[in-house]
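Contents: one structure, followed by commentary.
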Amino acid sequence: MNKKEAAAYLGCSERAIERYVKDGKISCSYEKGKTRTVAVFTQSELDKIKYQSESVTPAYETIPEPRQTATLDENELTIYHDEPVGVVEVGDISKLSAMVELLLVGQQLKASDKLVLTVDECHQLTGFPREMLKEAIANGQLSAKKIGRSWRVKRSCLDAYIDDVL
């Protein structure tokens, strides 16, 4: 059985078969093919690997995320996230809005609320072309720092640059 057939039999990629050979889990012999030598695998070794891979239990299990539910009584509104957040009287809007904000904590901030921005976020806020902002960074007109592969600009530096340009 060649490498492609072995991969199909085990339900993995040909690269995984190569790793098995490299790690010594499977041995192969080479036979002359039409144009080059071909790796040939024995059925018994493939059966052994297949049995081992089926008996391995996964390192993690997928646990469904808890659902957010809201129940409404006559006088109270209860909001449940992973566990009950609290009970609020329907007439008390300020507490209700505070609870909604607690549920929305996982959402990302808008670019207008951030203190440090990427070039794309600067473009979205100002409407200036990205190239213009990148040139300003290169010329030193706009103070920025490269973090990883992208430039980060302080909000205060962007405001100062806007004041200089306009």
Side-chain angles (χ1 to χ4, degrees), residues 1-72 77-86 97-138 142-155 157-158:
M1 181 177 306
N2 66 21
K3 185 174 20 173
K4 187 174 186 177
E5 293 168 344
Y9 179 74
L10 292 178
C12 62
S13 65
E14 293 181 34
R15 179 69 181 114
I17 298 293
E18 293 171 3
R19 281 193 299 267
Y20 287 149
V21 172
K22 181 181 175 186
D23 294 341
K25 294 180 181 179
I26 300 176
S27 62
C28 68
S29 59
Y30 294 94
E31 295 180 359
K32 186 174 182 179
K34 292 181 182 177
T35 58
R36 62 181 184 274
T37 58
V38 178
V40 177
F41 301 93
T42 61
Q43 183 74 31
S44 60
E45 285 188 344
L46 294 176
D47 288 336
K48 182 175 76 172
I49 292 291
K50 189 171 188 176
Y51 175 75
Q52 287 175 351
S53 66
E54 288 174 354
S55 64
V56 172
T57 58
Y60 63 91
E61 293 183 24
T62 56
I63 300 171
E65 292 189 23
R67 297 175 63 185
Q68 295 178 0
T69 59
T71 59
L72 183 62
L77 176 67
T78 306
I79 299 177
Y80 293 93
H81 195 47
D82 295 336
E83 50 192 53
V85 177
S97 64
M99 290 177 65
V100 170
E101 287 177 9
L102 285 175
L103 291 174
L104 299 176
V105 167
Q107 293 185 350
Q108 291 194 353
L109 293 173
K110 297 177 190 173
S112 60
D113 297 335
K114 291 184 177 181
L115 297 176
V116 179
L117 306 165
T118 62
V119 174
D120 286 335
E121 290 169 340
C122 292
H123 163 72
Q124 290 173 357
L125 283 175
T126 62
F128 293 157
R130 290 178 185 87
E131 294 78 24
M132 179 182 168
L133 294 168
K134 290 178 184 177
E135 288 174 7
I137 291 171
L142 177 59
S143 178
K145 184 174 183 176
K146 192 165 190 175
I147 299 176
R149 290 193 278 172
S150 64
W151 288 96
R152 304 293 174 162
V153 179
K154 284 185 184 179
R155 181 64 187 259
C157 296
L158 180 64

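Basis for what follows: all heavy atoms, side chains included, without hydrogens, waters or symmetry-related copies. Bear in mind the structure is a predicted one, so any value in this text is a computation, not a measurement.
- Residues Leu133 and His123 form a side-chain contact, since some pair of their non-hydrogen atoms from C-beta on lies under 4.5 Å apart.
- Within the 4.5 Å cutoff, the side chain of Ile137 has heavy atoms near those of the Val119 side chain.
- Rounding to the nearest 0.5 Å gives a distance of 14.0 Å between CE of Met1 and NZ of Lys4.
- Every residue two or more places apart in sequence or in another chain that forms a side-chain contact (heavy atoms from CB on, under 4.5 Å) with Lys48 is listed here: Gln52.
- Contact check for Leu46 versus Ile26: side-chain heavy atoms found under the 4.5 Å cut-off.
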Acceptor/donor pairs from residues 7-22 side chains to any protein atom, 3.5 angstrom cut, sequence neighbours excluded:
residue : atom : partner : partner atom : Å
Tyr9    : OH   : Gln43   : NE2          : 3.3
Tyr9    : OH   : Asp47   : OD1          : 2.2
Ser13   : OG   : Ala16   : N            : 3.1
Arg15   : NH1  : Glu18   : OE1          : 3.4
Glu18   : OE2  : Lys3    : NZ           : 2.7

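- The minimum heavy-atom distance between Cys122 and Leu117, with the atom names listed, is SG-CB, 3.8 Å.
- Looking at Glu45, its side chain never comes within 3.5 Å of a backbone N or O of Thr42 through a donor-acceptor pair.
- Applying the side-chain contact (heavy atoms from CB on, under 4.5 Å) test to Thr118 and every residue at least two apart in sequence or in another chain returns Asp120, Glu121, Arg152.
- When every heavy atom of Phe41 is checked against every heavy atom of Ala6, the shortest pair comes out as CD1-CB, 3.9 Å.
- Residues Ser143 and Val153 come closest through the heavy atom pair O-CG1, 3.8 Å.
- Among residues at least two apart or in separate chains, there is no salt bridge (charged side-chain N to carboxylate O under 4.0 Å, His left out) pair with a member in residues 23-33.
- Remark: Ser29 engages no residue in a side-chain hydrogen bond (donor to acceptor under 3.5 Å, both in side chains) (not counting sequence neighbours).
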